[in-house]
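As structure tokens, the structure follows; a few thoughts come after it.
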Amino acid sequence: MRNTEMNNAAMEEEDEGDVFLGESDVLHEIDVDGEDLPDAYDEDDNDNDNDDEVFDENDDSIHTFTGHKGELYALACSPLDPTLVATGGGDDKAFLWKIGNGDWAAELLGHKDSVSSLAFSYDGQLVASGGLDGVVQIFDASSGTLKCVLDGPGSGIEWVKWHPRGHIVLAGSEDCSMWMWNADKEAYLNMFSGHNQSVTCGDFTPDGKLICTGSDDASLIVWNPKTCESIHVVKGHPYHTEGLICLDINSNSSLAISGSKDGSVHIVNIVTGKVVSSLTSHTESVECVKFSPSSATIPMAATGGMDKKLIIWDLQYSTPRFICEHAEGVTCVTWIGTSKYLATGCADGTVSVWDSLLGNCVHTYHGHQDAVQAISVSTNTDFIVSVSVDNTARVYDTSEYQNKME
């Protein structure tokens with residue numbers, strides 16, 4: 001408020017002539033862009049000191065990355081180095097940084113629009129970034145050095161994925177197409193055309209033999225990556241009635257689960273192209289879907305939606321095992337390694353850990369001041385990383401909930 005009053009005073013001086021101030025009216029001369037601004041407020045207002053203490057108490061993160069100057073959308077954790085993280089966002093920037101090492105960060109330069117997606121290659125050697133500028137860039141994961149720029153799509157990149165056993169990168173675009181390149185050779189391989197709206201989600205099957213994509217046109221297509229042939233097109237009843245937001249493929253490459261704007265969840269047999277299960281319980285858009293790890297004793301899936309629900313499904317019976325309520329919409333979900341635990345990111349800024357066998361919340365992490373956009377787990381499962389609309393990435397120590405269970 002003080003800065004506003006000072007600006008108003010300056011305006012009045014221009015409009016009305018001389019304005020006389022006593023010495024007592026001059027509080028401080030401060031650089032509005034300087035880092036001392038919070039301290040100036042602290043010195044003048046003891047109540048703000050109390051607020052800061054409460055804020056600190058409510059921040060459970062062990063590391064906060066503040067290099068971005070805009071909302072964060074993209075996140076990836078290295079499959080090789082448990083401390084290496086990549087983040088990207090609305091400031092047109094992406095960074096590599098390390099948990100516990102605040103002195104090291106490498107900016108991934110080059111994008112001219114928001115960085116919408118990031119992914120590490122299977123061996124952790126490379127990181128791919130996709131931007132709303134329609135460009136995919138490949139960087140060396142250890143140094144952040146740009147290796148190549150892959151272009152072709154006529155509009156923004158929705159997502160990037162790597163082949164599970166090679167340096168082949170895949171990207172879905174807002175221009176209805178999907179593109180595939182060889183990153184080592186910096187070479188275009190194939191362009192896939194079949195959707196008639198934005199390709200919102202997709203991936204290679206874990207065995208690397210097929211590709212599944214979902215689109216705003218409410219269809220799922222199973223592709224042959226070598227020939228660009230669409231093997232199956234899944235569309236119409238009993239599939240989704242509105243655009244797909246998310247999909248996941250199970251560990252043996254036989255099933256694809258998808259969530260839609262229409263609140264529905266469907267499972268498709270990738271081999272036959274048939275809808276084998278329709279999971280109906282969400283009442284608003286489904287933002288995230290994940291199959292349980294192959295090690296799970298019971299085949300399960302987790303889905304999260306803007307209806308404030310995480311639903312853990314028993315896939316043997318296509319019924320909800322547990323419905324886990326949140327304060328706001330569930331924006332993202334991930335299983336924690338091969339354990340029975342999964343983590344959710346929420347629109348209220350919290351990250352929660354859930355026991356999939358009991359259905360209870362075992363820990364909630366606080367720290368973000370706005371919606372969580374994405375979460376990921378370090379390769380050794382020691383850390384949960386989240387990115388938010390609040391311009392920060394935060395790291396939470398999983399030992400907090402593990403100790404709680406002992």
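This chain uses plain numbering: 1 for the first residue, then up along the sequence. None of these values were measured; they are calculated from a predicted model.
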Practice task
Examine the side chains of Tyr239 and Ser258 and answer whether a donor and an acceptor come within less than 3.5 Å of each other.
Solution key: yes

Exercise for the section: For residues Val385 and Ile99, determine if any side-chain heavy atom of one lies less than 4.5 Å from a side-chain heavy atom of the other. Expected result: yes

Problem - Min side-chain heavy-atom separation Leu210-Ser253 under 4.5 Å - result: no

Exercise for the section: Please answer whether the main-chain N or O of Gly156 pairs with a side-chain N or O of Ser173 as donor and acceptor at a distance below 3.5 Å. Expected result: yes

Practice task
Could you tell me whether a side-chain N or O of Asp60 sits under 3.5 Å from a main-chain N or O of His366, the two making a donor and an acceptor?
Solution key: yes

Problem - Side-chain heavy-atom pair Cys228, Met191 within 4.5 angstrom cut-off - result: no

Problem - NZ (Lys274) with more than 12 external heavy atoms under 6.0 Å - result: no

Practice task
Could you tell me whether the side chains of Asp103 and Asn101 share a donor-acceptor contact shorter than 3.5 Å?
Solution key: no

Problem - Student check: side-chain heavy atoms of Ile323 and Ser281 closer than 4.5 Å - result: yes

Exercise for the section: First locate atom CG of Asp203, then atom NZ of Lys161, and finally report the distance between them rounded to the nearest 0.5 Å. Expected result: 4.5 Å

Handout entry: Centroid-centroid distance, Tyr188 to Trp179, less than 6.0 Å
Key = yes

Handout entry: Side-chain donor or acceptor of His232 paired with backbone N/O of Val271 under 3.5 Å
Key = yes

Exercise for the section: Specify the closest pair of heavy atoms between Ile138 and Ala128, including all atoms of both residues, with the distance to one decimal. Expected result: CD1-CB, 3.7 Å

Exercise for the section: Search all heavy atoms of His111 against all heavy atoms of Gly131 and return the closest pair with its distance. Expected result: CE1-N, 3.5 Å

Handout entry: Sidechain-backbone polar pair: Asp348 side chain, Glu328 backbone, donor-acceptor under 3.5 Å
Key = no

Handout entry: Minimal non-hydrogen separation, Ser78 against Asp81, with atom names
Key = OG-N, 3.0 Å

Completion exercise
The reported gap from CG in Leu279 to CD1 in Ile257 (rounded to nearest 0.5 angstrom) is 5.5 Å

Problem - Check: Thr398 side chain, Asp382 main-chain N or O, donor-acceptor pair, under 3.5 Å - result: yes

Exercise for the section: Identify the two heavy atoms, one from Val286 and one from Cys246, that lie closest to each other, and give their separation to 0.1 Å. Expected result: O-SG, 3.6 Å

Practice task
Look at the side chain of Ser121 and the backbone N and O of Leu126, then say whether any donor-acceptor pair between them is shorter than 3.5 Å.
Solution key: yes

Practice task
List in chain and number order the residues that pass side-chain hydrogen bond (donor to acceptor under 3.5 Å, both in side chains) with Trp313, two or more places apart in sequence or in another chain; answer none if no residue qualifies.
Solution key: Thr303

Problem - By side-chain hydrogen bond (donor to acceptor under 3.5 Å, both in side chains) - contacts of Glu107 (at least two apart) - result: Lys93

Problem - Note, Phe65 side chain near Val85 side chain (heavy atom, < 4.5 Å) - result: no

Fill in the blank from the handout: Value for CD1 (Ile298) from CD (Gln316), rounded to nearest 0.5 Å, stands at 7.0 Å

Practice task
Using a 4.5 Å cut-off on heavy atoms from C-beta on, say whether the side chain of Ile249 contacts that of Pro206.
Solution key: yes

Practice task
Report the C-alpha separation of Ile270 and Ser254 in whole Å, then their side-chain angles, then the decisive distance to 0.1 Å, and conclude whether the side chain to side chain contact (heavy atoms under 4.5 Å, CB included) test is met.
Solution key: CA-CA 5 Å; Ile270 294 172; Ser254 63; 5.9 Å; no

Practice task
Would you sort out whether Asp92 and Ser114 count as a side chain to side chain contact (heavy atoms under 4.5 Å, CB included), showing the intermediate values?
Solution key: CA-CA 4 Å; Asp92 308 347; Ser114 297; 4.1 Å; yes

Handout entry: Short side-chain to backbone donor-acceptor contact, Thr331 and Gly345, under 3.5 Å
Key = yes

Handout entry: Within the 6.0 Å centroid threshold, strictly below: Trp354 and His326
Key = yes

Practice task
Test side chain to side chain contact (heavy atoms under 4.5 Å, CB included) on Phe291 and Ser251 and set out the steps.
Solution key: CA-CA 8 Å; Phe291 281 110; Ser251 58; over 6 Å; no

Practice task
Verify the ring-centre separation between Tyr365 and His363: is it less than 6.0 angstrom?
Solution key: yes

Exercise for the section: Kindly say whether the aromatic ring centers of Phe192 and His195 come within a distance under 6.0 Å. Expected result: no

Exercise for the section: Give me the ring orientation class for Tyr122 and His167: parallel if the planes are under 30° apart, tilted from 30 to 60°, perpendicular past 60°. Expected result: tilted

Fill in the blank from the handout: Closest non-hydrogen contact found for Val234 with Gly273 is CG2-O, 3.5 Å

Handout entry: Side-chain (Asp175) to main-chain (Gly154) donor-acceptor, under 3.5 angstrom
Key = yes

Completion exercise
Ala393 and Thr87 have their tightest heavy-atom pair at CB-CG2, 4.1 Å

Fill in the blank from the handout: Rounded to the nearest 0.5 angstrom, the OG-CE distance for Ser285 and Met306 is 6.0 Å

Problem - Within 45° cone and under 6.0 Å: Lys290 NZ/CZ vs Trp335 ring - result: no

Practice task
Kindly compute the distance separating OG1 (Thr64) from CZ (Arg394), expressed to the nearest 0.5 Å.
Solution key: 4.0 Å

Exercise for the section: Indicate yes or no for a side-chain donor-acceptor contact from Ser215 to the backbone of Gln197 under 3.5 Å, with no hydrogens or angles considered. Expected result: yes

Exercise for the section: Rounded to the nearest 0.5 Å, what's the gap from OG1 on Thr213 to CG on Leu244? Could you check? Expected result: 9.0 Å

Practice task
Show the numbers, then the answer: is there a side chain to side chain contact (heavy atoms under 4.5 Å, CB included) between His163 and Leu170?
Solution key: CA-CA 8 Å; His163 190 277; Leu170 195 64; over 6 Å; no

Problem - Ser352 side chain reached by Thr364 side chain, heavy atoms, under 4.5 Å - result: yes

Handout entry: salt_bridge(Asp184, Lys147) N-O dist < 4.0 Å
Key = no

Exercise for the section: Would you check if Glu174 and Leu132 make a side-chain contact, meaning some heavy-atom pair closer than 4.5 Å? Expected result: yes

Practice task
Output yes when a side-chain donor or acceptor of Asn196 lies under 3.5 Å from a complementary backbone atom of Asp217, and no otherwise.
Solution key: no

